[in-house]
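Just so it is clear: chains get the letters A, B, ... in the order the sequence lines come, proteins before strands, and each one is counted from 1.
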Amino acid sequence: MPDPATVVVERVAELVARLYPAATDGLDLAVRPSEHADAQVNVAMGLAKRVGRKPRDVAEDLVAQLHLAGVCSAVEVAGPGFLNLTYENDYLAELLHAAANDPHLGVHQATTTETVLIDYSAPNVAKEMHVGHLRSTVIGDALVRMSEAVGHRVIRENHVGDWGTPFGMLIEHLIDLGEVDAARELSVGDLDGFYKQARQKFEASPPFQERARARVVLLQGGDTDTIRLWRLLVAESSRYFDTVYRKLGVRLTSDDLQGESAYNDALPTVVERLRRANLLETSNGAEVVFPPGFTNRDNAPLPLIIRKQDGGYNYATTDLACVIDRVERLGATLMLYVVGMPQAQHLSMIETVATAAGWLKPPFRMVHVSFGNVLGSDRKMLKSRVGDAVKLVELLDEAVSRADASIAEKSPELPTADRANVARMIGIGAVKYADLSNDRVKDYVFDWDRMLSFDGNTAPYLQYAHARICSIFRRWGRSRVEVRGVMPTIAHQKERALALWLLQYDSAVWDALERHSPHRLCTYLYELSTRYTAFYEHCPVLKAETDELRESRLALCDLSARILEHGLQLLGIESPEQM
RNA sequence: GCCCCUGUAGCUCAAUUGGAGAGAGCGACGGACUUCUAAUCCGUAGGUUGCAGGUUCGAUUCCUGCCGGGGGCGCCA
């Protein structure tokens with residue numbers, strides 16, 4: 001409702017349906033932002049083709065009969081047949097006032113509430129979290145927040161790697177260290193060292209290998225003491241993951257853990273149900289499904305392996321059990337898999353098989369929210385000096401200390417106690433925003449200087465715009481809530497540009513959500529900041545000529561700040577009031 | 001060999017699913033601080049959107065074929 005375009009779309013749709021009832025389906029009725037006017041409608045061109053008339057003539061007809069009194073002050077035909085709209089200033093003011101008094105700041109709520117399950121982060125138990133987990137965690141978190149913001153029911157799932165052959169070696173290593181010492185080492189977060197030591201022993205010592213293999217058998221057999229040790233590994237790792245998630249500022253907690261092991265009991269059922277669905281075949285002693293459309297190197301059908309020759313299950317089986325669980329137990333209509341690009345084929349096969357088996361059918365659907373890599377300045381996968389993966393905690397700590405140094409230099413008057421907190425918001429925000437603001441399907445180059453810059457499409461720039469608004473209200477000295485009753489007057493060109501953009505927040509949030517692309521929201525917020533700053537430069541607020549004008553501009557400031565803060569919050573980024 | 005992703009200003013990235021002279025930031029050049037936070041703003045220069053065709057009123061976007069980069073292709077997850 002707060003987007004003036006929605007009214008126009010309705011009116012245009014009515015008119016077109018009345019004038020050309022036979023040519024309406026699939027027509028592009030969208031009202032888009034325009035460089036040549038406040039908005040544009042492109043329906044005349046598409047219509048002209050269907051009814052065999054000149055686009056400009058169709059456009060003229062539409063303009064003549066379109067009733068937009070009180071909404072648009074002008075509707076003109078331009079170019080090949082564009083309808084250029086200019087909105088009525090009073091109408092914009094009404095919508096701004098409505099948005100300012102809406103708890104969702106104008107973002108309309110979902111008409112059908114879905115249960116959205118978001119599968120993201122997915123670190124491995126007893127292994128360090130590194131840059132490779134950054135994108136999944138940060139993008140997934142943003143999708144969680146955006147989905148909740150429009151009223152969906154959201155289920156977070158952290159599909160951690162907590163099962164498989166490496167656990168034989170990890171448990172034996174834990175026994176060697178002694179439970180107490182091992183737990184201590186794991187809880188301080190030296191998962192990297194723990195895993196590497198275990199691996200090293202495994203590779204160097206044949207007796208250790210034997211023990212590890214035997215331990216896997218015990219683990220799979222449910223041996224109580226082995227299970228107890230395994231739980232210790234999982235619990236300590238989970239505790240560590242929680243510290244990383246808190247530092248990153250994402251919603252995930254240990255309550256969201258849904259490890260691979262959770263599906264162990266369901267695996268035989270998966271096999272049974274596939275067999276009953278007549279999908280199961282035997283190939284080289286393994287039980288497999290051949291989903292149509294997938295081939296291997298030799299152009300032969302490519303199987304999804306359900307049960308290996310040795311009788312063990314594969315990750316495909318777990319993933320299928322997972323789909324069943326999510327659909328049948330949790331009732332998740334939309335499942336988002338925030339998983340890297342390399343898994344595209346695997347997930348596509350899972351989807352095909354789950355559909356063929358009848359487990360996945362409308363309204364239930366799964367979407368692979370894939371993403372590219374984080375690159376170093378050499379355009380290769382980001383690595384540390386010594387060549388291994390960069391630890392996530394170290395990356396975050398460096399971001400905070402860099403931000404802190406920058407604040408110390410630029411705002412020495414800020415008390416040190418506040419500075420630490422602001423540095424955290426800026427540093428963490430910069431890392432997350434750098435990740436989220438890039439189109440997720442592409443790789444991006446990690447660059448400290450650029451992401452921490454106060455110029456350009458960065459978190460600090462948006463945060464700075466927000467902080468400046470807060471500063472105005474501090475000087476004003478009265479409560480911000482007071483201006484929410486004000487009906488703003490739109491007069492200055494910069495006020496108008498800002499107002500139009502503020503009213504786009506609704507569509508920006510939905511656009512980002514529907515494409516599962518947080519970077520679209522980033523682009524919106526960046527544009528909002530630049531428009532706000534232009535307004536700030538040209539339109540004095542506290543020094544405005546009249547009280548009315550001051551209040552009107554304060555109202556614009558208030559809504560701008562709230563949308564900035566709200567939008568950043570949807571991305572999981574905090575907005576300091578001073579910086 | 002087959003399949004998927006990708007290629008846009010010197011650099012880093014956008015472009016509202018096919019819309020009007022392809023937009024930002026950085027860097028370069030030229031301007032604006034007795035300030036509501038100059039950590040900012042304004043202006044100028046910079047392009048055959050990898051190449052070649054095709055589809056149509058209109059293509060960075062869709063189709064075909066090449067070229068370059070990344071990834072995947074039966075018992076790891």
Phosphate OP1/OP2 of C73(B): any His346(A) side-chain N/O under 4.0 Å: no

Lys308(A) side chain near C76(B) phosphate (N/O to OP1/OP2, under 4.0 Å): yes

Return the polar atom pairs (N/O with N/O) between nucleotides 18-22 of chain B and the protein under 3.5 Å, or none.
from, atom 1, to, atom 2, distance (Å)
G19(B), O2', Gln40(A), NE2, 2.9
A20(B), O2', His36(A), NE2, 3.2
A20(B), N7, Gln40(A), OE1, 2.6
A20(B), N6, Gln40(A), OE1, 3.1
A20(B), N6, Asn84(A), OD1, 2.1
A20(B), N6, Asn84(A), ND2, 3.2
A20(B), N1, Asn84(A), ND2, 3.3
G21(B), N2, His36(A), NE2, 3.3

Among C73(B), A14(B), A39(B), the nucleotide that comes nearest once only the side chain of Arg297(A) is considered: C73(B)

OP1 or OP2 of A14(B) under 4.0 Å from side-chain N/O of Lys442(A): yes

Separation of atom CG in Leu347(A) from atom C1' in C3(B), rounded to whole Å: 16 Å

Spacing of the P atoms in U12(B) and C75(B) (rounded, Å): 37 Å

C1' atoms of G18(B) and U55(B), separation to the nearest Å: 12 Å

Counter-base of C73(B), judged by Watson-Crick or G-U geometry with both distances under 3.5 Å: G1(B)

Cationic tip of Lys494(A) above Phe535(A) ring, under 6.0 Å, 45° of axis: no

Distance, rounded to the nearest Å, where Tyr461(A) contributes OH and U37(B) contributes P: 16 Å

Complement of G10(B), any strand, by Watson-Crick or G-U distances under 3.5 angstrom: C26(B)

Below 4.0 Å: OP1/OP2 of G25(B) and any side-chain N or O of Arg450(A): no

Between Ser261(A) and Asp162(A): side-chain donor-acceptor atoms closer than 3.5 Å: yes

Between A32(B) (P) and His538(A) (NE2): distance, integer Å: 15 Å

Watson-Crick or G-U wobble mate for G58(B), both contacts under 3.5 Å: none

